Protein chains: 2
Amino acid sequence: MALTQQHIEQIRQCTLFAPLSDAELKQVASHGHLVELNAGQIIFSQGESCHQFYLVQRGMIKLYRLSVDGTEKVMDLAAPKQLFAEAVMFTGKYPLHAAAIEPSTVFAFDCMNFIALLKNNNELCFILMSSMSHCLNGMINEIDRLTLHSGTQRLAEYLLEQVPEGVMQSSCIRLLVPKLVIASRLGIQPETFSRIMARLRSDGMIETHNDTILLKDLDALRCLAACHG
Amino acid sequence: MALTQQHIEQIRQCTLFAPLSDAELKQVASHGHLVELNAGQIIFSQGESCHQFYLVQRGMIKLYRLSVDGTEKVMDLAAPKQLFAEAVMFTGKYPLHAAAIEPSTVFAFDCMNFIALLKNNNELCFILMSSMSHCLNGMINEIDRLTLHSGTQRLAEYLLEQVPEGVMQSSCIRLLVPKLVIASRLGIQPETFSRIMARLRSDGMIETHNDTILLKDLDALRCLAACHG
DNA sequence: TGTGATATTTGACATACATCAAGGCACCTA
DNA sequence: TAGGTGCCTTGATGTATGTCAAATATCACA
């Protein structure tokens, strides 16, 4: 689906597009379109040549790898207003798979067209480079967590990430994706995820009702995440 | 130590500096210097503001994180002719520690000066962006290995990476850093490293003499790395 | 050339986490 | 409303890898 003026206003919110003039933004939009996705629908697969990058408008996208035996590792989740695959524009091939985990809508932008803009706009290059730097930083933190933290710590960290800024003692959060997916994101099995939650519950740190979780003792959780297993 | 014409010729080899004119390269060199490092000497620490990026001339540099209890995780190793910290120029702070693991020499380049060059040189931006894309790709592969592959697989992969291109049946390699460091790089304990090596030895895949390793059956190693544990 | 520091190996043991299996629950659709 | 499908939970059990400890081996430096 082609993009309307209303879509252009949505796209403009994204920091990557901030330095673009109205004319340039219109050009981006004219080479982009809106894609409706069913739950489970694949957007691109690892190894495919990379012609487009994406901005989530609605829903949730998982970025994942598959092992030879079909095991799935979710590398990241993209929520509305988040870009994905923008950092791999220069490698030619997508390094992982992307699929919608619920009915979703994404803006798809043409790489070639955007690269043409980059050629004439150094400010745009700088924003993309910052974004890539930031992404790299996140990856380093991810490897740090996977190697230096236990499963329990990673789960506690994940829960704490869902808490809005400034909340001190306790907080109520909702898991926006199936626990199965979060477990994969954290590099643990669903069974282990469930058991860790049960332990946190019996330790009095949390209360759970389906995907709604009351974090009763944020300090205890923070200690768990930072200090020990 | 300030840089000589001979140093400039060395620097020119690095693809990042390829699009620079002689004058620009001289400018980079005039804002750079050569740093001699003892074994174990720290180059920068995580969290420090980032004013320089580096090119290894001689020796070996480890890039690592420390956990609260002092455990070290080696994220990457930089050998001669390799850049490091060039991708974090935009974040302001180093995301990890860097130290020499043997007597080394590195070129240090001024970030501000290089960013000034980037502002006027679109081609240079593109090369840096490609380099960052490539780096990101490597990180994704790293997370893939850590979550989807066993310790044995990761070690087999590491050994195979040391084999020069085109070698088919068997190959003799040398470990360029202490096994302790490789173990950390692979996310396993030194004891586990030693035990996996012993198993590969008893399975007839390798022979070892200190840091020299004869890979007797590359196909078996490749199978081990790709298929099972 | 000795000597302490560091790296490596090996054994015994502990454990976090995975795997296998089964039952319960929620959601969807016919 | 029934019945299927997928998700979640819990139990029993297995295992790869970590931890602790001690015996070499190796290296750097005086």
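Here the structure is a predicted model, which means the values were calculated and not measured. Order of the sequence lines fixes the chain letters, A, B, ..., with proteins taken first and strands second; residue numbering starts at 1 for each chain.
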Give the rounded distance in Å between these two atoms: [atom1] of [X] and [atom2] of [N].
X	N	atom1	atom2	result
Arg195(B)	dA12(C)	CZ	P	11 Å
Glu102(B)	dA7(C)	CD	C1'	15 Å
His209(B)	dT26(D)	NE2	P	12 Å
Arg154(B)	dA16(D)	CZ	C1'	11 Å
Phe193(B)	dT9(C)	CZ	P	7 Å
Leu175(A)	dC8(D)	CG	C1'	12 Å
Ile206(B)	dT9(C)	CD1	C1'	14 Å
Asp69(A)	dT19(C)	CG	C1'	13 Å

Does a distance-only test, which skips hydrogens and angles, find a donor-acceptor pair under 3.5 Å between the side chain of [X] and the base of [N]?
X	N	value
Arg199(A)	dT9(D)	no
Glu191(A)	dC7(D)	no
Arg201(A)	dT9(D)	no

Q) Under 4.0 Å: is that the gap between some side-chain N or O of Asn210(B) and OP1 or OP2 of dT26(D)? A)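 Answer is yes, contact under 4.0 Å.
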Q: Respond yes when some side-chain nitrogen or oxygen of Thr192(A) is under 4.0 Å from OP1 or OP2 of dA18(C), and no when none is.
A: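 It does, given that an N or O in the side chain of Thr192(A) lies less than 4.0 Å from OP1 or OP2 of dA18(C).
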Nearest of [options] to any side-chain atom of [X]?
X	options	answer
Ile188(A)	dA18(C), dT9(C), dC20(C)	dA18(C)
Lys179(B)	dC7(D), dT8(C), dT10(D)	dT8(C)
Pro178(A)	dT19(C), dA7(C), dC8(D)	dC8(D)
Gln189(A)	dA18(C), dA12(C), dT10(D)	dA18(C)

Q) Between Phe44(A) and Leu96(A), which heavy-atom pair has the shortest distance, and what is it? A)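 So the two residues come closest at CE1-O, 3.3 Å.
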Using a strict cut-off of less than 4.0 Å between a Lys/Arg side-chain nitrogen and an Asp/Glu carboxylate oxygen, indicate whether [X] and [Y] qualify as a salt bridge.
X	Y	result
Glu207(A)	Lys216(A)	yes
Arg185(A)	Glu142(A)	yes
Glu157(B)	Arg154(B)	no

Q | Point-to-point distance, once rounded to the nearest 0.5 Å, from CD1 of Ile101(A) to CG of Leu37(A) | A |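 Separation between the atoms: 12.0 Å.
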